[in-house]
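Okay, structure first, notes after.
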Protein chains: 2
Amino acid sequence: MKSNIKKEKRTTIYDIAREVGIAPSTVSKALNDLPSVSNKIKTLVKAKATELNYKYNFNAANLRSGSSRTIGVIVPKINVAFFSDAIAGMEEACFENNHRLIICQSDESYTKEVQCVQTLIHQNVDCIIISLSQETRSTVHLNEVKKNHMELVQFDRVDESFESHRIVNDNSQASYRAVKHLIEQGYKKIAFFGGSGHLAVYNHRKQGYLQAIKEADLNIPYNYILDNALKKETAQKAAIELLKYKDPPDAFFTVTDHSALGVLKAAISLGLRVPDQVGIMGFSNEAFTEFTFPTLSSVEQQSKNLGKAAADVYFNHVLTSGMSDKDARHFEMRVIESSLIIRQSSERVPTL
Amino acid sequence: MKSNIKKEKRTTIYDIAREVGIAPSTVSKALNDLPSVSNKIKTLVKAKATELNYKYNFNAANLRSGSSRTIGVIVPKINVAFFSDAIAGMEEACFENNHRLIICQSDESYTKEVQCVQTLIHQNVDCIIISLSQETRSTVHLNEVKKNHMELVQFDRVDESFESHRIVNDNSQASYRAVKHLIEQGYKKIAFFGGSGHLAVYNHRKQGYLQAIKEADLNIPYNYILDNALKKETAQKAAIELLKYKDPPDAFFTVTDHSALGVLKAAISLGLRVPDQVGIMGFSNEAFTEFTFPTLSSVEQQSKNLGKAAADVYFNHVLTSGMSDKDARHFEMRVIESSLIIRQSSERVPTL
DNA sequence: TTTATTTAAGAAACCGATTTCTTATTTTCT
DNA sequence: AGAAAATAAGAAATCGGTTTCTTAAATAAA
């Protein structure tokens with residue numbers, strides 16, 4: 001039972017080299033399975049490596065080779081279901097490709113987002129995947145990323161004016177389908193509760209809504225269409241007002257589930273039957289939507305796939321294409337299809 | 001408008017040294033604000049650094065100094081609310097202390113957990129924070145961490161037989177209080193739905209339950225106490241059986257909210273009124289608990305604080321104590337207090 | 001058999017910081 | 001004023017891999 005007082009140093013390729021009686025460079029090559037090393041030596045080296053409990057040192061390798069085999073991700077909030085699902089997807093992709101994932105959260109603050117970018121640059125990550133904070137209006141920090149020859153992938157909350165790979169949901173299409181579904185259920189006076197105008201996500205959802213009501217040639221009063229009603233309380237108040245209106249809506253399409261929940265509470269408080277008298281459709285398919293009474297219809301965003309897709313843009317598109325320096329490099333733009341989850345709040349039982 | 005064809009190299013301290021006309025070592029010291037450099041030089045160096053858009057290279061520093069200013073965290077699932085909240089807390093602590101956070105998920109698999117540990121060792125992180133996977137029975141991989149002189153902090157799903165810092169919830173106390181609450185509401189025949197025996201978490205929750213019913217001197221039939229009823233479906237089935245029993249329980253304490261939800265569905269399907277005829281109390285305060293009908297009482301775990309506490313053990317206890325090599329190093333053991341969230345499912349309206 | 005080519009291994013520079021050890025210069029103390 | 005001590009800057013080794021460039025040996029070609 002030997003208890004070592006002095007903490008013995010980690011074994012390095014030099015230790016292996018000495019023990020096997022060869023040069024350190026050969027050990028490195030052997031461990032990396034380079035063809036210029038004989039199988040005999042490779043076997044010898046690998047055996048000795050396990051024997052000495054050798055641990056590869058990423059830092060040393062990164063310093064010399066320049067690539068860190070690491071992706072950094074910046075999200076507004078780690079513990080929001082949508083983002084943690086997306087991160088889970090990225091982690092999966094990273095694991096498959098033997099990369100590390102460093103996460104940062106901007107907390108919806110532009111200042112912190114800039115700091116996160118700096119940190120990841122110092123960390124020398126190969127790629128940064130980012131979903132912008134609510135506060136972010138400028139993209140100078142993203143230019144920094146490019147300057148440092150790192151790949152950049154924007155996802156979900158993207159700035160469309162900034163050139164980079166982009167992975168987004170089919171917000172407009174999904175909204176279009178959602179509203180069309182409401183129309184098919186016989187609703188004719190469909191209100192829209194949206195978000196703040198500067199975020200593309202919410203704009204697209206509005207576009208989808210507008211397209212659907214236009215196609216169906218519905219007559220919608222201007223005050224049915226509301227921006228900045230993302231939160232439960234705001235939505236609830238607004239819905240009560242609308243429902244008390246002389247010409248009230250018979251359905252609501254909201255860009256978040258929290259908003260939908262507010263509408264639901266409003267309808268219940270006014271004694272209106274959902275989905276009979278009021279139809280409701282939310283967005284995001286938050287966990288709680290299947291537990292409300294009645295359950296809430298929503299749009300499932302495939303967040304995990306979206307995250308995986310974002311990472312895969314780097315792994316497939318960038319890594320394999322060998323980053324050919326011709327300026328002809330194009331930016332990948334992927335749209336992840338989301339699907340309608342029809343629940344009680346929007347499905348009228350057909351009257352035979 | 002200069003477009004650089006050749007990708008110019010990142011500026012290093014050597015570039016700064018050359019431009020200012022001093023030695024690289026002095027630049028390093030200046031940037032790190034070491035006292036052995038005059039303020040004049042410091043100002044000069046820092047100005048030149050910003051001018052040249054200098055980016056600190058963590059890898060190089062880590063290699064030389066040995067410490068990476070990075071914490072690695074391993075959780076079973078990143079996108080489970082409890083864990084993503086905990087990670088958010090850790091990220092906060094890391095940000096405050098200028099450290100990076102690398103996340104790995106074991107996916108509840110022992111094999112993958114071992115791989116994660118290896119990766120983090122290669123990465124040369126300073127500390128590993130881990131919550132064990134369901135599958136994990138052995139701790140040889142944790143020994144590897146110690147061998148490599150890294151700090152280890154276990155949280156939530158811990159192995160009590162393995163010596164390390166540990167951060168856990170007050171599972172037993174919280175359960176005790178939860179059950180006591182049920183008793184105060186007048187419930188007398190309280191059933192328990194638990195988890196698998198090998199996880200300390202669930203054992204402790206059971207202990208709390210047992211203590212409370214013992215203190216209240218309640219007479220509980222053996223079949224009221226069930227293990228392995230974590231999931232909704234299992235719980236639902238088991239609850240139906242129990243409620244149809246000639247001598248049915250009048251309340252349930254379950255170690256997860258999903259289990260509680262199963263019980264709720266069971267009660268409703270049998271036409272029983274909750275909380276009138278059946279009281280229900282879950283654990284974890286999952287998001288959906290406030291949206292069920294009736295809403296579910298539960299135990300709020302302060303997961304974000306727990307994560308922050310786990311990281312802070314490293315920052316406060318380990319980093320500051322200078323890691324004095326005396327074997328007298330003790331392991332910190334912190335218990336995070338959780339709180340009861342009383343909702344409709346367990347609160348009987350007092351009969352006057 | 002001699003020359004050209006391929007193959008396998010080694011030597012040494014390198015990545016970009018940190019850190020220790022010197023040395024030159026100032027300041028302080030008798 | 002002269003010796004001792006403190007200060008500020010520099011030189012050089014170092015961390016642990018990777019990578020390029022040589023070189024020696026083995027094989028193929030002429």
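Small disclaimer: the values here were computed from a predicted structure and weren't measured. Chain letters run A, B, ... following the sequence lines, proteins first and then strands; every chain starts at 1.
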Cut-off 3.5 Å, side chains only: do B:S109 and B:E135 have a donor facing an acceptor?
-> no

Scan side-chain atoms only and decide if B:R69 and B:N62 contain a donor-acceptor pair under the 3.5 Å cut-off.
-> no

If you draw a 6.0 Å radius around CD in A:E96, do more than 12 non-hydrogen atoms from other residues or ligands fall strictly inside?
-> yes

Considering residues, nucleotides and ligands other than A:E163, do more than 12 of their heavy atoms fall under 6.0 Å from its CD?
-> no

N or O in side chain of B:Y54 less than 4.0 angstrom from C:dA17 OP1/OP2 = yes

If you look at every strand shown and take non-hydrogen atoms under 4.0 Å, does [X] touch a base, only sugar-phosphate, or nothing?
X     : answer
B:N59 : nothing
B:N32 : sugar-phosphate
A:K55 : sugar-phosphate
A:S28 : base

Figure out the NZ/P separation between A:K42 and C:dA8, and round it to whole Å.
-> 9 Å

Go through DNA chain D in 5' to 3' direction and return only the first and the last nucleotide with some atom under 4.0 Å of chain B's heavy atoms.
-> D:dA8 to D:dG16

Measure distances between side-chain N and O atoms of A:S25 and base N and O atoms of C:dA11, and say whether any donor-acceptor pair falls under 3.5 Å.
-> yes

Any donor-acceptor pair under 3.5 Å between the side chain of B:Y56 and the base of C:dA17?
-> no

Contacts of A:Y56 that satisfy ring pair (Phe, Tyr, Trp, His ring centres under 6.0 Å) - sequence neighbours left out = A:F58

